[in-house]
Asker: 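Can you read through this structure? Questions will come right after.
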There are 2 protein chains.
Amino acid sequence: MKLSEEEKQRRLRSFIRAARQAGIKLTHQRLEIFREIAGDGRHPDVESIYKRVKKRIPPLSIDTVYRTFSVLEREKVLAKVSVFCNRARFDSNMEPHHHFVCRRCGAVRDFFSHELDRFHVPEEVKPWGDVDTVYVELRGTCAECAGKASAEKTEDRRK
Amino acid sequence: MKLSEEEKQRRLRSFIRAARQAGIKLTHQRLEIFREIAGDGRHPDVESIYKRVKKRIPPLSIDTVYRTFSVLEREKVLAKVSVFCNRARFDSNMEPHHHFVCRRCGAVRDFFSHELDRFHVPEEVKPWGDVDTVYVELRGTCAECAGKASAEKTEDRRK
DNA sequence: CCTCCTGATAAGAATAAATCTTATCTAAGA
DNA sequence: TCTTAGATAAGATTTATTCTTATCAGGAGG
Ligand SMILES: [Mn+2]
Ligand SMILES: [Mn+2]
Ligand SMILES: [Zn+2]
Ligand SMILES: [Zn+2]
């Protein structure tokens, strides 16, 4: 899930624009952290971004990653993914989109759907409040995990 | 979001049946914990269930609530709700269903949708793996929170 | 190019949800 | 009633996240 260079550059520019507009400082750390997230379409977690950026900025503290995360979230430059709640994950795709999630390995992939974009909020829900986002999660098993599982089965049968 | 007595009883029976079938012990604690969850359609968190059941069983430990939770989850008697990841929440409604979620107060309400039940997995997603569940989250502001917000506005205007 | 000041960072302490450990207890089958 | 595998209580432990505080640096203004 490596993103195209042009998409990465677009996200980087939108980050810099948002930072300027919000009057927040464009520090070396923030730029490197965002660069790392913007180039990764796999919805990485805080820990992995921390490790990767620390290679380039050794004194980096994990707190800075968390802080940058919440600043970027507030400025609507990236979003928190609410899948597998054990740890927070970044999503640098701010286009409204949905997710395919593998129950086994936790892989998260983006998809778009015209069918879902046309979805009408059911009548029973309307009196409960105003809906601003329709988010869909397709849950199942990814091809890779399915492959591993069947490989293990044949392994077992051989015993 | 108080559930009807008959729905509560139905869930309680299905819990007892599942426990018998799985060969797990029907302890006083488990019964009381489940009774509390089964009667609450608001997707309560571990802490609140702990507090409520502790009134009836004072020596109850919160670990027992967590353990009961994971046993019941394994036995498919209830599910974990992955909304607002700060703390785990129970869902004793095991019918496939969707949620309306209020961003402000975290209220979660169940809904069903024939339109969504007919949803076809997009072609682009199919090669990624097998989808077993289509889960939809309608995010927005509940009527109660919207009411509070507009009340505060008029308050501000008076100054 | 310097200076200053405010907001940002690093390090490590603190917090809080969730899990683990161990001694004790109990549901339920014989 | 007796037995025992599995369950509980209490408190320690783990782990993700946030907080504290001394130091640092981006960037506005000179
Ligand atoms: Mn995404
Ligand atoms: Mn529900
Ligand atoms: Zn997978
Ligand atoms: Zn609300």
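Here is the naming used below: chain letters follow the sequence lines, and residue numbers restart at 1 for every chain.
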Asker: Does the side chain of B:Arg42 come within less than 4.5 Å of B:Ser48's, by heavy atoms?
Answerer: no

Asker: Are any of B:Arg87's side-chain N or O atoms less than 4.0 Å away from OP1 or OP2 of C:dA18?
Answerer: no

Asker: Can you tell me how far the NZ atom of B:Lys126 sits from the CG atom of A:Leu138, to the nearest 0.5 Å?
Answerer: 11.5 Å

Asker: Taking the side chain as C-beta and beyond, is there a heavy-atom pair between A:Thr68 and A:Thr27 under 4.5 Å?
Answerer: no

Asker: Parallel, tilted or perpendicular: which describes the rings of A:Trp128 and B:Phe111, with under 30° parallel and over 60° perpendicular?
Answerer: perpendicular

Asker: Each residue besides A:Phe69 in its hydrophobic cluster should be listed here, by chain and number; the cluster joins Ile, Leu, Val, Met, Phe, Trp and Tyr at side-chain heavy-atom distances under 4.5 Å.
Answerer: A:Leu12, A:Phe15, A:Ile16, A:Leu26, A:Leu31, A:Ile33, A:Phe34, A:Ile37, A:Val46, A:Ile49, A:Tyr50, A:Val53, A:Ile57, A:Leu60, A:Ile62, A:Val65, A:Tyr66, A:Leu72, A:Val77, A:Leu78, A:Phe90

Asker: Taking only heavy atoms on the protein side, list every residue of residues 37-53 of chain B lying under 4.0 Å from any atom of DNA chain C, sorted numerically.
Answerer: none

Asker: Just by modelled atom types, is the A:Tyr135 backbone N or O under 3.5 Å from a matching donor or acceptor in the A:Thr133 side chain?
Answerer: no

Asker: Over how many whole Å does the gap from A:Ile57 atom CD1 to D:dC24 atom C1' extend?
Answerer: 14 Å

Asker: So if I take residues 58-74 of chain B and measure heavy-atom distances to DNA chain D, which residues fall below 4.0 Å?
Answerer: B:Pro59, B:Leu60, B:Ser61, B:Asp63, B:Thr64, B:Arg67

Asker: Minimum heavy-atom separation for A:Cys142 and A:Cys105, please, with both atom names.
Answerer: SG-SG, 3.9 Å

Asker: Mind calculating the distance between CZ (B:Arg89) and P (C:dA17) to the nearest angstrom?
Answerer: 14 Å

Asker: Inspect the contact between A:Glu7 and A:Arg11 and indicate whether a charged nitrogen and a carboxylate oxygen are less than 4.0 angstrom apart.
Answerer: yes

Asker: Do B:Arg89 side-chain atoms and B:His43 backbone N/O form a donor-acceptor pair below 3.5 Å?
Answerer: yes

Asker: Measure from the side-chain N and O atoms of B:Arg30 to the backbone N and O of B:Lys25, and report whether any donor-acceptor pair falls under 3.5 Å.
Answerer: yes

Asker: Which protein N or O atoms sit under 3.5 Å from an N or O of nucleotides 27-30 of chain D?
Answerer:
unit_1	atom_1	unit_2	atom_2	d
D:dG27	OP1	A:Leu26	N	3.0

Asker: Rounded off to whole Å, could you give me the CG-to-C1' distance for the B:Asn86 and D:dT15 pair?
Answerer: 16 Å

Asker: When clusters are formed from ILVMFWY side-chain contacts under 4.5 Å, directly or step by step, what else is grouped with A:Val71?
Answerer: A:Ile24

Asker: Under 4.0 Å between a side-chain N or O of B:Gln29 and OP1 or OP2 of C:dA27?
Answerer: no

Asker: Let me know, please, whether B:His28 or B:Cys85 comes out on the 5' side of the other along DNA chain C by nearest nucleotide.
Answerer: B:Cys85

Asker: Using a 3.5 Å limit on both distances, find every run of at least three consecutive Watson-Crick or G-U pairs that involves DNA chain D.
Answerer: C:1-30 with D:1-30

Asker: Can you measure A:Arg30 atom CZ to D:dC24 atom C1' for me and round it to whole angstrom units?
Answerer: 14 Å

Asker: Mind calculating the distance between CZ (B:Phe84) and P (C:dA17) to the nearest angstrom?
Answerer: 17 Å

Asker: Given B:Glu36, which partner from the list B:Lys55, B:Arg52, B:Lys8 fulfils the salt bridge (Lys or Arg N to Asp or Glu O under 4.0 Å) test?
Answerer: B:Arg52

Asker: Supply the atom-to-atom distance B:Ser113 OG to B:Arg118 CZ, rounded to the nearest 0.5 angstrom.
Answerer: 7.5 Å

